[in-house]
Protein chains: 2
Amino acid sequence: MKDIKITNTIRTLRFLDKEMTQQELAEKVGVTRHTIMAIEKGKYSPTLELAFKIAEVFNKPLEEVFTYEK
Amino acid sequence: MKDIKITNTIRTLRFLDKEMTQQELAEKVGVTRHTIMAIEKGKYSPTLELAFKIAEVFNKPLEEVFTYEK
DNA sequence: ACTCAATGTTAAAAATATTTTACATTAGGT
DNA sequence: ACCTAATGTAAAATATTTTTAACATTGAGT
């Protein structure tokens with residue numbers, strides 16, 4: 001599992017959702033701001049559980065937030 | 001992230017897909033048999049990347065394989 | 001130009017996921 | 001009942017994700 005092939009639209013979704021900050025999103029899903037930042041930046045892919053929580057915040061299906069590029 | 005609230009239908013999907021073994025599924029997604037077993041058993045939730053790979057094997061959307069129970 | 005909030009970076013420690021190995025149990029076929 | 005393949009269990013080692021903390025950068029507003 002070396003090269004990560006998963007992209008996400010978190011940054012856009014935050015912007016569309018009243019410009020929610022990384023800090024706010026982090027608090028809503030129960031992780032640190034750093035974690036949100038690292039995921040947005042694609043440093044690593046999150047746990048499935050965290051991915052579900054993030055999608056839930058934006059009321060989007062998980063696959064609309066995260067995309068697996070074959 | 002203590003109590004995991006994610007269920008999955010991997011066992012059923014393996015059964016429906018010509019009774020694919022844990023070993024075969026593990027090989028297709030590039031992890032060990034133990035990892036597949038632990039996930040099926042709900043010991044922990046996988047990485048988003050692994051979740052996508054598993055869903056891909058069964059040609060199902062991720063959310064049809066894994067369900068986040070609120 | 002200054003200030004402040006938001007974001008990005010780095011490094012180390014902690015927590016969790018995954019591997020490896022080895023053995024126990026279960027279930028089906030003969 | 002016996003064999004064998006598939007599944008389950010356990011413990012230790014490794015890899016990856018997440019936390020923590022401290023500091024740098026960017027950008028908007030004044």
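Computed from heavy atoms alone, side chains included, the values below leave out hydrogens, waters and symmetry copies. By convention in this document, chain letters (A, B, ...) are assigned in the order of the sequence lines, proteins followed by strands, and residues within each chain are numbered from 1. All of these numbers come straight from a predicted model, not from anything done at the bench.
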Please determine whether a side-chain nitrogen or oxygen atom of A/S45 lies at a distance below 4.0 Å from atom OP1 or OP2 of D/dT17. yes

How about A/K28 and A/E56: do any of their side-chain heavy atoms sit closer than 4.5 Å? no

How many whole angstroms separate atom CG of B/L25 from atom C1' of C/dT18? 15 Å

What integer distance in Å separates B/L48:CG from D/dT16:P? 16 Å

Residue that, paired with A/I54, satisfies side-chain contact (heavy atoms from CB on, under 4.5 Å) out of A/L13, A/V31, A/V29, A/L62: A/V29

Can you check whether A/T47 has a side-chain N or O nearer than 4.0 Å to OP1 or OP2 of C/dT16? no

B/I6 CD1 to C/dT16 C1', in whole Å, measures 14 Å

Where the side chain of B/T21 meets the backbone of B/E24, is there a donor-acceptor pair that is under 3.5 Å apart? yes

Identify each atom pair where a protein N or O and an N or O of nucleotides 7-9 of chain C are less than 3.5 Å apart, giving names and distance.
{"from": "C/dT7", "atom 1": "OP1", "to": "A/R14", "atom 2": "NH1", "distance (Å)": "2.6"}
{"from": "C/dT7", "atom 1": "OP1", "to": "A/R14", "atom 2": "NH2", "distance (Å)": "3.4"}
{"from": "C/dT7", "atom 1": "OP2", "to": "A/Q22", "atom 2": "N", "distance (Å)": "2.9"}
{"from": "C/dT7", "atom 1": "O3'", "to": "A/R11", "atom 2": "NH2", "distance (Å)": "3.3"}
{"from": "C/dG8", "atom 1": "OP1", "to": "A/R11", "atom 2": "NH1", "distance (Å)": "2.7"}
{"from": "C/dG8", "atom 1": "OP1", "to": "A/R11", "atom 2": "NH2", "distance (Å)": "2.8"}
{"from": "C/dG8", "atom 1": "OP2", "to": "A/Q22", "atom 2": "NE2", "distance (Å)": "2.8"}
{"from": "C/dG8", "atom 1": "N7", "to": "A/R33", "atom 2": "NH1", "distance (Å)": "3.2"}
{"from": "C/dG8", "atom 1": "O6", "to": "A/R33", "atom 2": "NH2", "distance (Å)": "2.8"}

Side-chain contact test, heavy atoms from C-beta onward, threshold under 4.5 Å: evaluate it for A/T35 versus A/L50 and give yes or no. yes

Between C/dA6 atom P and A/E27 atom CD, what is the distance in whole Å? 11 Å

Taking NZ from A/K18 and C1' from C/dA5, how many angstroms apart are they, rounded to a whole number? 19 Å

Any heavy-atom pair between the side chains of B/T7 and B/F66 that's under 4.5 Å? no

Can you measure B/I54 atom CD1 to C/dA17 atom P for me and round it to whole angstrom units? 13 Å

Grab the OH-C1' distance between B/Y44 and D/dT17 for me, whole Å please. 14 Å

Minimum side-chain heavy-atom gap B/T12-B/F58 below 4.5 Å: no

It should be established whether B/T32 places a side-chain nitrogen or oxygen under 4.0 Å from OP1 or OP2 of nucleotide C/dT19. yes

Heavy-atom side-chain proximity of B/Y68 to A/K53 below 4.5 angstrom: yes

From CD1 of B/I10 over to C1' of D/dT7, roughly how many Å is that when rounded to an integer? 14 Å

